[in-house]
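What follows is a short report on a single structure.
Everything numeric in this text was worked out from a predicted model, so none of it was measured. Chain A is the first sequence line, chain B the second, and so forth, proteins listed ahead of strands; every chain is numbered from 1.
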There are 2 protein chains.
Amino acid sequence: MNQAVQGREGVELAPNRYREILEIAARMICEKGYEGASIQQIAQACGLTKAGLYYHIQSKEHLLVEIMHYGMDLFEERVLSQVESIPDPLERLRTAMAKNVLMVTSDRTKEITIILHEHATLTGDELDRINTRKKRYVRFLERSFSEAIATGQIRRVDPKVATFAFLGAVNWIYKWFQPDGHISEEQLVRGMQDVFFGGLEPRSSAKPEGS
Amino acid sequence: MNQAVQGREGVELAPNRYREILEIAARMICEKGYEGASIQQIAQACGLTKAGLYYHIQSKEHLLVEIMHYGMDLFEERVLSQVESIPDPLERLRTAMAKNVLMVTSDRTKEITIILHEHATLTGDELDRINTRKKRYVRFLERSFSEAIATGQIRRVDPKVATFAFLGAVNWIYKWFQPDGHISEEQLVRGMQDVFFGGLEPRSSAKPEGS
DNA sequence: GGTAGGCTACCGACCGATCGGTAGGCCATG
DNA sequence: CATGGCCTACCGATCGGTCGGTAGCCTACC
């Protein structure tokens, strides 16, 4: 059960196999939900029997845990760490939104969809651990909103509510977005930034928004 | 199997029993998810055996269908029909947001949470039917945004993106809101309206920042 | 260089429990 | 005595998980 991945850094094949299993399992769980996807089906999709799959994983629950942490790894690598150091708070928020949107729309990251959808599936310590990682991002957004208010770049709004409005607008995308639909990824990124940060009230100072 | 509810409008007792079952089943499915809540557990929560429950329902899937349609009934009654006739498009949207938020936060409406969470559980015709009802609301919002743009009350934004940002900000609430948490329902309603419709950019018309 | 030992990656068979669903009977009320 | 509302008892299928066993490969030792 995943001892190979604990090995030295020279080893490459075994961890790849494990990651491949995580990827396939993520696809299944993403399609059918955690409870809806059976170990049987996941094993079959991996080209294994149930017993063969259990050589690699501890339990179904732990499989979900690993998928979620892998998803959080990806998110922190591609979003959080990319924007944390941006000095300007508003630009930081706008960039975070762009990268966050792409994380949800890009169909390569099923793990993100699982994290978003299965928010109440885990329990106890494992749930706490995932939530702790999520909260890091939430607090990052809250701090950035507070900063942007302090610099006068945005209006005085409740940073907590603004954060959850931001997260809702962006994360909800997984529920309705279709990669081959009427709205493209780029269009969505620009549109979301425009609606959220551009505001809805008409500008008194005429500023041509059209492009 | 639910013949009673098909009866004439005069009958009252049987439909009440049926609605009670829907309510209890909704609570269970809301807590454990559709796949996670078994017919056994739902029956027990109703004070029935499994066979006893099956006297009232057709199947587990049809039970979910009925819960969702009941939820849509509630939503259309308490939100859509309440705001549709508001002449001013911006006020219409603000009121829709307020009522929509309360629909999600009010813990009485587990059916709404189920509709939001189990967006991909149903398949085929039943999914289509639910989605058709959902789309009525989506199109209502789109039209209202378009109208508000036409009247010049809000900036020229993409009505589709604005609609999904609205829906995301509001519907995402079910994932994080705690009725006894730091944020009250009223605070959330005002905060969301403020962030979404008040905009984030500072007003050029000098408005004192401190308060 | 043959072979013994050990290790990785896997399988078939099986476990008890539970799944959604049903057949047929029982009992109270009208 | 008929029906509504519910029960006991059961169905086949599947659930998550484990068992002993083994094919193939690598390494060590004689």
Side-chain angles (χ1 to χ4, degrees), chain A residues 1-8 10-26 28-29 31-67 118 121-124 126, chain B residues 1-8 10-26 28-29 31-67 118 121-124 126:
Chain A
M1 53 185 79
N2 180 25
Q3 313 92 319
V5 95
Q6 313 287 1
R8 316 225 292 295
V11 190
E12 268 299 315
L13 264 105
N16 277 359
R17 180 74 175 120
Y18 183 66
R19 191 160 295 184
E20 189 191 346
I21 287 172
L22 284 192
E23 213 96 38
I24 293 169
M28 301 290 295
I29 292 175
E31 280 169 14
K32 312 185 167 214
Y34 172 74
E35 307 275 2
S38 74
I39 287 288
Q40 198 100 254
Q41 293 166 334
I42 293 169
Q44 192 179 338
C46 293
L48 289 171
T49 60
K50 209 167 33 156
L53 175 61
Y54 265 99
Y55 172 76
H56 296 278
I57 68 170
Q58 270 183 28
S59 66
K60 194 187 180 188
E61 191 184 353
H62 187 255
L63 174 62
L64 179 60
V65 169
E66 292 267 282
I67 289 171
E118 308 286 351
T121 304
L122 291 178
T123 56
E126 298 295 358
Chain B
M1 53 185 77
N2 180 24
Q3 312 91 323
V5 95
Q6 312 287 4
R8 318 224 291 295
V11 189
E12 267 300 317
L13 262 106
N16 277 358
R17 178 74 174 122
Y18 183 67
R19 189 159 297 185
E20 190 190 345
I21 287 172
L22 284 192
E23 213 96 38
I24 292 169
M28 301 289 295
I29 292 175
E31 281 169 13
K32 311 184 167 215
Y34 173 72
E35 307 275 3
S38 74
I39 288 289
Q40 198 101 255
Q41 294 166 335
I42 293 169
Q44 192 179 339
C46 293
L48 289 171
T49 61
K50 211 168 30 156
L53 175 61
Y54 266 97
Y55 173 76
H56 297 277
I57 68 171
Q58 269 182 29
S59 66
K60 195 188 179 187
E61 191 184 353
H62 187 254
L63 174 62
L64 178 60
V65 169
E66 293 269 279
I67 288 171
E118 308 285 351
T121 304
L122 291 178
T123 55
E126 298 295 358

For [X] and [N], give me the distance from atom [atom1] to atom [atom2], rounded to whole Å.
X: B/Ile42; N: D/dC6; atom1: CD1; atom2: P; value: 16 Å
X: A/Leu53; N: D/dC19; atom1: CG; atom2: P; value: 16 Å
X: B/Tyr54; N: C/dG24; atom1: OH; atom2: P; value: 18 Å
X: B/His62; N: C/dG21; atom1: NE2; atom2: P; value: 12 Å
X: B/Leu63; N: C/dG21; atom1: CG; atom2: P; value: 10 Å
X: B/Ile57; N: D/dC6; atom1: CD1; atom2: P; value: 13 Å
X: B/Tyr34; N: C/dG20; atom1: OH; atom2: P; value: 8 Å
X: A/Lys60; N: D/dG16; atom1: NZ; atom2: P; value: 4 Å

Does A/Ser38 place a side-chain N or O at less than 4.0 Å from the phosphate oxygens OP1/OP2 of D/dC15?
-> yes
Quick one: is B/His56 getting a side-chain N or O under 4.0 Å of the D/dC6 phosphate, OP1 or OP2?
-> yes
When all nucleic acid strands are considered with a 4.0 Å heavy-atom cut-off, which category describes B/Thr49: base, sugar-phosphate, or nothing?
-> base
Just checking B/Leu48: base, sugar-phosphate only, or nothing, at a heavy-atom cut-off of under 4.0 Å?
-> sugar-phosphate
Does B/Lys60 reach the main-chain N or O of B/Tyr34 with its side chain, forming a donor-acceptor pair under 3.5 Å?
-> yes
Correct closest heavy-atom pair for A/Ala45 and A/Met28 would be CB-SD, 3.8 Å
Residue matched to C/dG2 through Watson-Crick or wobble contacts both under 3.5 angstrom = D/dC29
With side chains defined as the heavy atoms from C-beta onward, is the minimum distance between A/Ile42 and A/Leu48 less than 4.5 Å?
-> no
Could you check which of [options] has an atom nearest any side-chain atom of [X]?
X: A/Tyr55; options: C/dT8, C/dC14, C/dG12; result: C/dT8
X: B/Gln40; options: C/dG20, D/dG16, C/dC19; result: C/dC19
X: A/Lys50; options: D/dC6, C/dC14, C/dG21; result: C/dC14
X: A/Ala51; options: C/dC10, D/dG17, C/dC11; result: C/dC11

Please say whether more than 12 non-hydrogen atoms of neighbouring residues, nucleotides or ligands are located less than 6.0 Å from CD in A/Glu126.
-> yes
Would A/Leu122 and A/Glu61 satisfy side-chain contact (heavy atoms from CB on, under 4.5 Å), going step by step from the backbone distance to the final call?
-> CA-CA 8 Å; A/Leu122 291 178; A/Glu61 191 184 353; 3.9 Å; yes
